[in-house]
Asks: 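Pasting a structure here, questions to come.
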Amino acid sequence: MTAEEYYQLGNQYRKQGKWHLAINNYLEAIALDPDSPAAEAKQMLEDILNFYHKDAYNP
């Protein structure tokens with residue numbers, strides 16, 4: 001698969017809420033092409049996941 005294909009597959013998983021699969025595909029895309037848009041997508045997804053803490057909403 002190409003970096004673009006991994007990036008697109010990562011986007012599909014992200015839209016389905018399968019975060020770990022999305023990140024794994026973004027990492028594959030970045031490994032093949034460090035300048036891939038997957039690098040920014042991965043960073044944004046990590047920021048979202050780091051922001052959301054279930055414990056903070058359930059004291």
Asks: Where is the tightest heavy-atom contact between Glu5 and Met1, given as atom of each residue plus distance?
Replies: OE1-CA, 3.1 Å
Asks: Same hydrophobic cluster for Tyr6 and Leu45, using side-chain heavy-atom links shorter than 4.5 Å among ILVMFWY?
Replies: no
Asks: Quick one: do Tyr7 and Trp19 end up in the same hydrophobic cluster if we chain Ile, Leu, Val, Met, Phe, Trp and Tyr together by side-chain heavy atoms under 4.5 Å apart?
Replies: yes
Asks: Using the side-chain hydrogen bond (donor to acceptor under 3.5 Å, both in side chains) rule, take Gln12 and Gln16 through it: C-alpha gap first, then chi angles, then the decisive distance, then the call.
Replies: CA-CA 6 Å; Gln12 290 176 6; Gln16 295 171 3; 5.5 Å; no
Asks: Which pairs of donor and acceptor atoms, one on a side chain in residues 22-31, lie under 3.5 Å apart (sequence neighbours left out)?
Replies:
residue	atom	partner	partner atom	Å
Asn24	ND2	His20	O	3.3
Asn25	ND2	Leu21	O	2.8
Tyr26	OH	Asn11	OD1	2.6
Tyr26	OH	Arg14	NE	3.4

Asks: Restricting to pairs with a member in residues 39-49, which pass salt bridge (Lys or Arg N to Asp or Glu O under 4.0 Å), not counting sequence neighbours?
Replies: Lys42-Glu46
